[in-house]
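Just so you know, these numbers come straight off a predicted model, no measurement behind them.
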Amino acid sequence: MSFVEYSEFIQEGDVAIIFLGHDSMMPIKVQQGAQTQTRYGVIRHSKDLIGQRFGTKVTCSKGGWVYVLHPTPELWTLNLPHRTQILYTTDIANITMMLELKPGSVVCESGTGSGSLSHAILRTIAPTGHLHTVEFHQQRAEKAAEEFREHRVGHLVTVRNQDVCKEGFGVTGVADAVFLDIPSPWEAIQHAKSAMKKQGGRVCSFSPCIEQVQKTCEALAGQGFEEISTVEVLLRVHEVRSITLPLPDFGPDKPLETPTDTRIPSNASVLCKTTTPPREMAGHTGYLTFATKPRIHCLFYLQFVYFGLIMWI
């Protein structure tokens with residue numbers, strides 16, 4: 001089992017997601033001889049899990065049943081132990097897209113937190129990319145590194161316990177993208193620029209307050225970043241329901257030629273499927289600020305080389 005590679009069969013030591021319902025799931029570590037208690041009864045790991053396929057429908061001791069799912073970054077986001085406030089899939093999807101992440105990308109991240117975004121980044125940049133993630137809190141950094149090893153993605157990530165605003169990311173000139181989720185991201189913009197490759201690359205900062213965004217944008221502009229923009233992502237899920245609509249009576253189609261009465265009965269109706277917006281919805285999570293490190297244009301570079309040769313001669 002790996003969060004970046006699909007496995008067909010459940011093995012001892014795997015992390016599996018027990019699916020009881022859309023609003024009820026739990027992660028477990030599969031161990032020989034262990035048991036997991038659910039509201040539908042006991043799941044015996046040796047008998048019910050090990051050797052079974054992921055996605056199997058397992059009958060518990062009380063007769064109820066659950067599904068055993070292969071872990072994914074999306075499922076882990078919904079079930080992970082919270083050490084900090086986390087990012088959810090709505091923001092994560094936009095971050096991975098706007099940072100232009102792909103297999104082989106090198107990414108710098110701070111802070112690691114509970115690892116919600118980290119797992120999504122690792123899935124996107126695998127199998128040849130690498131994530132350099134920095135966490136200020138020592139215990140959180142150690143726990144994150146332990147989880148990455150347990151989820152078999154440790155070879156794709158380097159965890160550092162340091163202050164990114166003072167010490168940077170520990171790498172220079174290698175990152176294709178940088179993500180910041182810290183209280184004062186403007187203090188880390190210079191380090192982000194140093195960690196990025198000499199030409200191009202994208203940076204993203206997540207901040208809950210607009211005052212943080214303003215300072216971050218000023219720092220980005222001061223460091224020469226371009227295409228600076230800020231977005232707020234709000235998820236609005238519509239509910240599907242059936243409604244009955246009355247059919248209007250517009251009279252017969254051809255009143256002068258039709259001998260029979262084709263009028264619609266007064267009580268005629270039709271059953272339709274429609275959607276309605278939610279009465280309540282998740283509100284503000286944070287602002288996502290994106291920027292691009294400028295590229296050296298070829299013409300400018302050739303002019304620079306040309307004048308350099310003239311000065312040398």
Leu117-Leu288 co-clustered via ILVMFWY side chain contacts under 4.5 Å: yes

Side-chain donor or acceptor of Thr56 paired with backbone N/O of Val58 under 3.5 Å: no

Donor-acceptor pair between Thr77 and Thr89 side chains, under 3.5 angstrom: no

Geometric class of the His284/Tyr287 ring pair [parallel <30°, tilted 30-60°, perpendicular >60°]: tilted

Ser7 and Asp14: side chain donor to acceptor below 3.5 Å: no

Cluster check Val159, Leu80: I/L/V/M/F/W/Y, side chain < 4.5 angstrom: yes

Salt bridge (Lys or Arg N to Asp or Glu O under 4.0 Å) evaluation trace for Arg279 with Glu239: CA-CA 10 Å; Arg279 294 181 180 179; Glu239 300 175 355; over 6 Å; no

Same apolar cluster (I L V M F W Y, side chains within < 4.5 Å links), Tyr40/Ile18: yes

Phe54, CZ: over 12 other non-hydrogen atoms inside 6.0 angstrom: yes

Stepwise side chain to side chain contact (heavy atoms under 4.5 Å, CB included) check, Val66 with Cys60: CA-CA 7 Å; Val66 299; Cys60 304; 4.1 Å; yes

His22 atom NE2, neighbour heavy-atom count above 12 within 6.0 Å: no

Full working for salt bridge (Lys or Arg N to Asp or Glu O under 4.0 Å) between Glu135 and Arg83: CA-CA 12 Å; Glu135 173 56 52; Arg83 299 183 288 273; over 6 Å; no

Derivation and outcome, salt bridge (Lys or Arg N to Asp or Glu O under 4.0 Å), residues Lys29 and Glu150: CA-CA 10 Å; Lys29 184 174 182 178; Glu150 185 176 290; 3.7 Å; yes

Test item: side-chain donor near acceptor, Thr172 and Ser194, under 3.5 Å: no

Derivation and outcome, side chain to side chain contact (heavy atoms under 4.5 Å, CB included), residues His130 and Thr158: CA-CA 8 Å; His130 200 83; Thr158 300; 2.7 Å; yes

Smallest separation among heavy atoms of His45 and Val30, with atom names: ND1-CA, 3.6 Å

Heavy-atom closest pair, residues Phe206 and Thr285: CZ-O, 3.5 Å

Shared hydrophobic cluster, Val107 / Val164 (ILVMFWY, side-chain heavy atoms < 4.5 Å): no

Candidate pair Tyr88 and Leu235, rule side chain to side chain contact (heavy atoms under 4.5 Å, CB included), full reasoning: CA-CA 11 Å; Tyr88 288 92; Leu235 179 64; over 6 Å; no

Donor on one side chain, acceptor on other, Gln214 and Glu218, under 3.5 Å: no

Ring geometry between His151 and Trp76 (parallel below 30°, tilted from 30 to 60°, perpendicular above 60°): perpendicular

In one Ile/Leu/Val/Met/Phe/Trp/Tyr side-chain cluster, 4.5 Å: Ile121, Phe3: yes

Centroid-centroid under 6.0 Å between His132 and Phe169 rings: no

